[in-house]
Amino acid sequence: MLWFARVKFAICPAMREDQRKSACASLLLANCPADLRDRLLDRAVTRRVRRDTVLFAHGDKAHSIFIVLDGWIKLYRVTSGGAETVVGVFTKGGSFGEPVALRNGAYPVTAQAVTDAELLQLRAADILEMMRGHPELAIAILASTFAHLQSLVMQLEQRKAHTGAQRVAQFLVSLSAARDGYCDVTLPYDKVLIAGRIGLQPESLSRAFVRLRKHGVQIKRNHAVIADIAALRAFAESG
């Protein structure tokens, strides 16, 4: 049986402008009509959680959808033998909980903060209410769901077509909004999560980080310092 301590969310007093921009750019809301998106955000709550906080557990009633504004969240299940299996890792701009929350189901996984994190919590009831009156919102969220599925398919294709170092490079590029020049991206402390996300063994991830040094990448604890992200992107996409 899984035991954990429930930690209460710290509710932020008001959504900051940078948080609002991150939410608007998320895959879930990016295609929503601006007026409907603003109405949803006005009903949403921003929450700050500490590392190891359990957001919801496997089997809990699914009442909310979450967008990561900062930090890292993992979704996992515990096998009958007690082993933990990570099924998803999300950082800034990622969302989770949509399918089950919108059909009033139960969460099939446990969600836990891997680092201190900031989240936007949207009540499924609010989204469903707006969908009934505004079909264009339903179409936009459906389009976002298809985009998420397409992203998963692309990840699977990349695992077959690219080396471990290229997969890590693609992962690092995805964490930054920079198009060229120097940048610094934050990683979770637990490198096992990164390895699982891109389909590598932890020891293979370490070797890939070493190979990326010649491409201008330096790993410093939980930061990846990239000398030229445009050059790294070119390496990641090379055949």
Side-chain angles (χ1 to χ4, degrees), residues 18-19 21-22 25-28 30 49 51-52 66-76 83-96 109 111-119 147-239:
D18 63 310
Q19 293 175 325
K21 287 181 179 179
S22 294
S26 69
L27 187 59
L28 178 66
V49 298
R51 182 182 179 183
D52 295 329
F66 296 87
I67 297 174
V68 184
L69 301 175
D70 195 25
W72 291 80
I73 305 294
K74 69 175 179 180
L75 305 184
Y76 69 92
E84 180 182 298
T85 301
V86 176
V87 297
V89 183
F90 298 85
T91 189
K92 188 174 181 178
S95 60
F96 54 92
V109 294
Q112 186 175 28
V114 180
T115 64
D116 292 352
E118 290 182 344
L119 302 154
H148 180 64
L149 178 60
Q150 185 179 30
S151 175
L152 292 176
V153 172
M154 289 179 63
Q155 288 179 33
L156 292 175
E157 291 177 345
Q158 288 169 352
R159 290 184 183 186
K160 295 180 180 180
H162 295 91
T163 66
Q166 285 178 304
R167 281 185 251 167
V168 176
Q170 290 164 347
F171 174 74
L172 295 178
V173 168
S174 74
L175 297 180
S176 175
R179 300 302 303 169
D180 52 50
Y182 167 92
C183 71
D184 183 332
V185 297
T186 303
L187 307 172
Y189 282 99
D190 190 349
K191 301 303 186 292
V192 173
L193 294 178
I194 301 176
R197 174 163 171 160
I198 59 180
L200 294 176
Q201 294 298 318
E203 57 272 20
S204 298
L205 177 66
S206 297
R207 289 194 292 269
F209 278 142
V210 171
R211 293 190 183 102
L212 288 179
R213 289 175 185 168
K214 65 180 181 180
H215 296 282
V217 177
Q218 294 291 327
I219 303 300
K220 299 180 179 179
R221 296 193 66 190
N222 68 323
H223 286 265
V225 179
I226 302 168
D228 186 346
I229 197 165
L232 186 64
R233 184 181 298 105
F235 165 70
E237 296 173 354
S238 61

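These figures come from a predicted structure and were not determined experimentally.
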By salt bridge (Lys or Arg N to Asp or Glu O under 4.0 Å) - contacts of Lys74 (at least two apart) = Glu84

Donor-acceptor contact below 3.5 Å, side chain Thr115 vs main chain Pro188 = no

Considering non-hydrogen atoms only, spot the tightest contact between Thr91 and Gly71 and give its length.
-> OG1-O, 2.9 Å

Please tabulate, for side-chain N and O atoms in residues 206-232, each donor-acceptor pair with protein atoms closer than 3.5 Å (sequence neighbours left out).
from, atom 1, to, atom 2, distance (Å)
Ser206, OG, Pro202, O, 3.4
Arg207, NH2, Ser204, OG, 3.2
His223, ND1, Asp184, OD1, 2.9
Asp228, OD1, Gly181, N, 3.4
Asp228, OD1, Ala230, N, 3.1
Asp228, OD1, Ala231, N, 3.4

Is there a donor-acceptor pair closer than 3.5 Å between any side-chain N or O of Glu118 and the backbone N or O of Val68?
-> no

Do Ile67 and Leu28 pass the side-chain contact (heavy atoms from CB on, under 4.5 Å) test, and can you show the C-alpha distance, the side-chain angles, and the key distance before you say yes or no?
-> CA-CA 8 Å; Ile67 297 174; Leu28 178 66; 4.0 Å; yes

Contacts of Asp18 meeting salt bridge (Lys or Arg N to Asp or Glu O under 4.0 Å) (sequence neighbours excluded), chain-then-number -> Arg16

With under 30° as parallel and over 60° as perpendicular, where do the rings of Phe96 and Phe66 fit, or are they tilted in between?
-> parallel

Which pair of non-hydrogen atoms, one from Lys191 and one from Leu187, has the smallest distance, and what is that distance?
-> CE-CD1, 4.3 Å

Where do Leu205 and Ile198 land on the side-chain contact (heavy atoms from CB on, under 4.5 Å) test, with the steps shown first?
-> CA-CA 9 Å; Leu205 177 66; Ile198 59 180; 4.2 Å; yes

Any side-chain heavy atom of Val89 sitting closer than 4.5 Å to one from Trp72?
-> yes

Is there a donor-acceptor pair under 3.5 Å between the side chain of Gln166 and the backbone N or O of Thr163?
-> yes

Check whether any side-chain heavy atom of Tyr76 sits under 4.5 Å from a side-chain heavy atom of Val87, and report yes or no.
-> no

Full working for side-chain contact (heavy atoms from CB on, under 4.5 Å) between Ile73 and Gln112 = CA-CA 6 Å; Ile73 305 294; Gln112 186 175 28; over 6 Å; no

Leu69 and Leu119, any side-chain heavy atoms less than 4.5 Å apart = no

Output all residues satisfying salt bridge (Lys or Arg N to Asp or Glu O under 4.0 Å) with Asp116, sequence neighbours left out; order by chain, then residue number.
-> Arg50

Just list the side-chain donor-acceptor pairs under 3.5 Å for residues 171-179, sequence neighbours left out, or say none.
from, atom 1, to, atom 2, distance (Å)
Ser174, OG, Phe171, O, 2.6
Ser176, OG, Ala178, N, 3.0

Closest non-hydrogen atom pair, Ala169 against Phe235 | CB-CD2, 3.9 Å

